[in-house]
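Atoms within a ligand are numbered from 1 in the order they appear, just like the ligands themselves. What's counted below: heavy atoms across the whole structure, side chains too, no hydrogens, waters or symmetry copies.
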Amino acid sequence: MSTNWIEKAQRLGDGSIGGAMDHPSVPGRVVWHTTESGTGDDAFTSVAAHLIRVAAEPHLLYDPTTDRLGQYGPLKQSARALRNDGSTRTNRVGKVCIQIEVLGRAAKPFTKTWKPGPNYRAMMAAIRSWNIPDTFPAGRLATSGADATNRPRAVWMSKGGHYGHANIPGNDHWDPGSIDKAALFEAAPAGKPGTGTTPAKPVVDLSNLIAAARRDPGLPQGGTTHKPDVLVVEKALVAEGLLPAQWADGSFGSRTVEAYAALQRRYGFSGADANGIPGQTTLGKLGRQHGFTVKA
Ligand SMILES: [Zn+2]
């Protein structure tokens, strides 16, 4: 059953913001925005009213500091937070095009300070009820206005998943900024009792992992660069008997580098190919054996 109204969400406006989708045979998707405002209840109230006044309502308004969630319209109908791409009504692409305005600013990625709670998990369960995968098919989000150039039209017109406003063709905003994409999914694990979904495999980003393996050993003890990615791999190294459990801390420090080098040797590599910096082949194999997928 797909969710149209999230029971936990506060109703905003009159419940009617858009209409039928223009491209319902294209897979469903989510678009993340930031409101470029402050957070907290006063901001929530004033932004909620402002978005109605300017007729730019998303489906959902979310405060990442308080877990407060509001909903303007049913998920199966269109919202109004995107600009058209020429003659394409971007708000109406997909079986659903669920738009989320997150209170905050693109320049301060909200996943650094947020406190997702039950309302966030209810929102993600509603998104998954439309079979929207836990992926960002357009890839990179923008780190600044000048960087907002990754808007692949062919991807947008065909692929389901999550997008930032910065990824939408015909638009020029760069929100939601450089948020931690994996954290969005990890904060609401799929397959929890009562959500009616099957567990999604964790996704490990190879480039994140390599960056962590190069940087973390030089940080103060326990320093992390890409903690969610590293933790998944460290747990697999623990299960392989190569890393003491106490070092599975999300920091790809020198112990983890040593453990990964031992894994590379176990998989038949030597010399520079067993230097403890993860590569596609060894990480892919580790993932197949320990239930995660690798994003190259
Ligand atoms: Zn936006």
Contacts of type side-chain contact (heavy atoms from CB on, under 4.5 Å), residue P217, not counting sequence neighbours: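 Checked P217 against side-chain contact (heavy atoms from CB on, under 4.5 Å); matches are V257.
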*Could you tell me if the ring centre of F252 sits under 6.0 Å from that of H226?*
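For F252 and H226, the ring centres are not under 6.0 Å apart.
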Verify the ring-centre separation between Y163 and F136: is it less than 6.0 angstrom?
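Distance test on ring centres: not under 6.0 Å, no.
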Atom name of the N, O or S atom in [X] that lies nearest to the Zn ion (ligand 1):
| X | value |
| --- | --- |
| H165 | ND1 |
| H33 | ND1 |
| D175 | OD2 |

Using the test ring pair (Phe, Tyr, Trp, His ring centres under 6.0 Å), find all partners of H173 that sit at least two apart in sequence or belong to another chain.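 Only H165 meet the ring pair (Phe, Tyr, Trp, His ring centres under 6.0 Å) criterion with H173.
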